[in-house]
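What follows is a set of notes on a single structure, which appears directly below.
This one's a predicted model, so the numbers in the text were calculated from it and none came from an experiment.
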Amino acid sequence: MKLVSTQWKIVELDVCESTFNVARKEQPWTIVSAERQLKGRGRFNRSWFGEPGGLWATYNLPLDPRSGRHWGLLPLVAGVAIIKALKPYNIKGLRLRWPNDVLVGRDKLAGILVERPSAGMASIGIGINMFNDIESIAAATTDTPARLADLLYACPAVSKLRGILADALADTFNLFIAHGLDAMHEQLQAAWGSSRPVVAITDTERYRGFFMGVEADGSPILRRADGSTITVPGITVNRLKELI
């Protein structure tokens, strides 16, 4: 174990089933990172491929039930942190897709999953394709994968990006705890990129419109064809599918 900064402790593993499984036994401000994940998972228990060369890590953050900040908004907080960590590399087309994906154009670079193993802690799982083989997984994924090594002339080492992201995540998390999601409105609006036509799919409805951002509770706002807007409660949305 070693310190990334005065705040974070790192647990480094060669291989594990899922960094979540290890992280839930650790304390807040701990990062569990693995060279290879055998059973990584995404939203709705979808498989996440964690082959050597990528950043596969879970970041534990403290929760105070009295703060009034809902842990379910942390995928958006983490998304802003990833964009912030990668901003100095000037990656063209880098953007967020609600609620937990980081894309480059239409290709998926990174995914986020948040769990709450205890009342006092949230675990943020982050997977970023960096040097790992993505050709072998392309046929098994919904989104075409992208990786940093193909986007940057000088791609940082996995350990370096892990540390940069740790600092960015601490900053965005502390801002969220102090002031809520509203304090990140400008960062989120910039991170979404240009407005795109989408369909928000719930158990019973399909809502079509242009994605315009989110409410303070993280729910997506859509602009309909007649110019009106509708907020679709985020907890009801199974998928927000981009149409172009």
Q: Treat each ILVMFWY residue as a node, draw an edge where side-chain heavy atoms are under 4.5 Å apart, and state whether Leu55 and Leu151 are in one component.
A: yes
Q) CZ of Arg223 to CD1 of Ile230: how many Å apart, nearest 0.5 Å? A) 14.0 Å
Q. Hey, quick one: are Leu109 and Leu103 part of the same hydrophobic cluster, counting side-chain heavy atoms closer than 4.5 Å, chains of contacts allowed?
A. no
Q.
Between Leu96 and Val199, is there shared hydrophobic-cluster membership here, with clusters defined by ILVMFWY side-chain heavy atoms closer than 4.5 Å?
A. no
Q. Quick check: does any side chain N or O of Gln37 sit under 3.5 Å from a backbone N or O of Cys16, one acting as donor and the other as acceptor?
A. no
Q) Quick one: does Asn129's side chain have a donor or acceptor within less than 3.5 Å of a partner on Ala146's backbone? A) yes
**Q.** Contacts of type side-chain contact (heavy atoms from CB on, under 4.5 Å), residue Asp133, not counting sequence neighbours
**A.** Glu135, Ser136
Q: Check the pair Asp107, Asp143 against side-chain contact (heavy atoms from CB on, under 4.5 Å), reporting the backbone distance first and the verdict last.
A: CA-CA 6 Å; Asp107 300 338; Asp143 297 299; over 6 Å; no
Q: Taking atom CG of Leu243 as the centre, report whether more than 12 heavy atoms of other residues, nucleotides or ligands fall under 6.0 Å from it.
A: yes
Q. Ala81: what forms a side-chain contact (heavy atoms from CB on, under 4.5 Å) with it, not counting sequence neighbours?
A. Leu165, Ala168, Leu169, Thr172
Q: Apply ring pair (Phe, Tyr, Trp, His ring centres under 6.0 Å) to Trp192 and list each qualifying residue two or more places apart in sequence or on a separate chain.
A: Phe211
Q.
Under the rule for side-chain hydrogen bond (donor to acceptor under 3.5 Å, both in side chains), what residues qualify as partners of Asn174, not counting sequence neighbours?
A. none
Q. Within a strict 4.5 Å, meaning less than it, do heavy atoms of the Met121 and Arg116 side chains meet?
A. no
Q. With a 4.5 Å limit on heavy-atom distance, are the side chains of Phe20 and Pro117 in contact?
A. no
Q. Hydrophobic cluster mates of Met212, side-chain heavy atoms under 4.5 angstrom, ILVMFWY only, any path?
A. Phe210, Ile221
Q. Sequence neighbours excluded, which residues qualify as side-chain hydrogen bond (donor to acceptor under 3.5 Å, both in side chains) partners of Arg224?
A. Ser228
Q: For Gly53 and Met130, work out which heavy atoms get closest and say how close.
A: O-CB, 3.4 Å
(Q) Tell me the closest heavy-atom pair linking Thr19 and Ala34, and the distance in Å. (A) CG2-CB, 3.8 Å
Q) Quick one: side-chain hydrogen bond (donor to acceptor under 3.5 Å, both in side chains) partners of Asp14, sequence neighbours excluded? A) none
Q | Pro197 vs Arg208 side-chain heavy atoms within contact, under 4.5 Å | A | no
**Q.** Lys9 side chain reached by Glu26 side chain, heavy atoms, under 4.5 Å
**A.** yes
Q) Which residue pairs pass the side chain to side chain donor-acceptor pair (under 3.5 Å) test with at least one member in residues 195-207, sequence neighbours excluded? A) Asp203-Asn238
Q.
Less than 4.5 Å apart, side chain to side chain, heavy atoms only: is that true for Leu161 and Ile128?
A. yes
Q) What are the two closest non-hydrogen atoms of Ala85 and Pro88, and how far apart are they? A) O-CD, 3.5 Å
**Q.** Leu175 side chain reached by Val77 side chain, heavy atoms, under 4.5 Å
**A.** no
Q. Which residues pass the side-chain contact (heavy atoms from CB on, under 4.5 Å) test with Lys87, sequence neighbours left out?
A. none
Q.
Working to the nearest 0.5 angstrom, can you tell me the gap between Asp167 CG and Gln7 CD?
A. 8.0 Å
Q.
Is a donor from one side chain sitting under 3.5 angstrom from an acceptor on the other, for Ser33 and Glu12?
A. no
Q: With the side chain counted from C-beta on, respond yes when Leu240 and Arg97 share a heavy-atom pair under 4.5 Å apart, and no when they do not.
A: no
Q: Not counting sequence neighbours, which residues clear side-chain hydrogen bond (donor to acceptor under 3.5 Å, both in side chains) with Glu242? List them please.
A: Arg95
Q: Output the distance between atom OG1 (Thr231) and atom CG (Asp217), rounded to the nearest 0.5 Å.
A: 8.0 Å
Q. For the side chain of Trp98 and the backbone of Gly218, is there at least one donor-acceptor N/O pair under 3.5 Å apart?
A. yes
Q | For the student: nearest non-hydrogen atoms of Pro75 and Ile112, plus distance | A | O-CD1, 3.7 Å
Q. Which distance, rounded to the nearest 0.5 Å, do you find between the OG of Ser219 and the CD1 of Ile235?
A. 7.5 Å
Q | Leu86 and its side chain to side chain contact (heavy atoms under 4.5 Å, CB included) partner, picked from Ile164, Leu148, Leu152 | A | Leu148
Q: State, to 0.1 Å, how close Ala157 and Phe131 come at their nearest heavy-atom pair, and which atoms those are.
A: CA-CE1, 4.5 Å
Q. How far apart are the C-alpha atoms of Ile31 and Val11, what are their side-chain angles, what is the distance that settles it, and do they pass the side-chain contact (heavy atoms from CB on, under 4.5 Å) test?
A. CA-CA 6 Å; Ile31 306 167; Val11 177; over 6 Å; no
Q) Which value, rounded to the nearest 0.5 Å, describes the distance between Glu35 atom CD and Trp56 atom CH2? A) 10.0 Å
Q: Could you grab the distance from atom CG of Leu188 to atom CD of Glu186, nearest 0.5 Å is fine?
A: 10.5 Å
Q: Indicate, with yes or no, if Val198 and Ile201 share a hydrophobic cluster defined by side-chain heavy-atom contacts under 4.5 Å among Ile, Leu, Val, Met, Phe, Trp and Tyr.
A: no
Q: Taking side-chain contact (heavy atoms from CB on, under 4.5 Å) as the test, write out the residues that go with Ala190, two or more places apart.
A: none
What side-chain donor-acceptor pairs closer than 3.5 Å can you find for residues 59-70, not counting sequence neighbours?
| from | atom 1 | to | atom 2 | distance (Å) |
| --- | --- | --- | --- | --- |
| Tyr59 | OH | Arg162 | O | 3.1 |
| Asn60 | OD1 | Ser123 | OG | 2.7 |
| Asn60 | ND2 | Ala23 | O | 2.9 |
| Asn60 | ND2 | Gln27 | O | 3.4 |
| Asp64 | OD1 | Arg66 | N | 3.0 |
| Asp64 | OD1 | Arg66 | NE | 3.1 |
| Asp64 | OD2 | Arg66 | NH2 | 3.3 |
| Ser67 | OG | Asp64 | O | 3.0 |
| Ser67 | OG | Arg69 | N | 3.2 |
| Arg69 | NE | Phe176 | O | 3.3 |
| Arg69 | NE | Ile177 | O | 3.1 |
| Arg69 | NH2 | Ala178 | O | 3.4 |
| His70 | ND1 | Gly72 | N | 2.8 |

Q.
Between Val102 and Lys108, is the side-chain contact (heavy atoms from CB on, under 4.5 Å) condition met? List the steps.
A. CA-CA 6 Å; Val102 179; Lys108 186 169 178 177; over 6 Å; no
Q | Leu76 side chain reached by Leu181 side chain, heavy atoms, under 4.5 Å | A | yes
Q | Full working for side-chain contact (heavy atoms from CB on, under 4.5 Å) between Phe173 and Leu74 | A | CA-CA 8 Å; Phe173 174 73; Leu74 290 177; 3.9 Å; yes
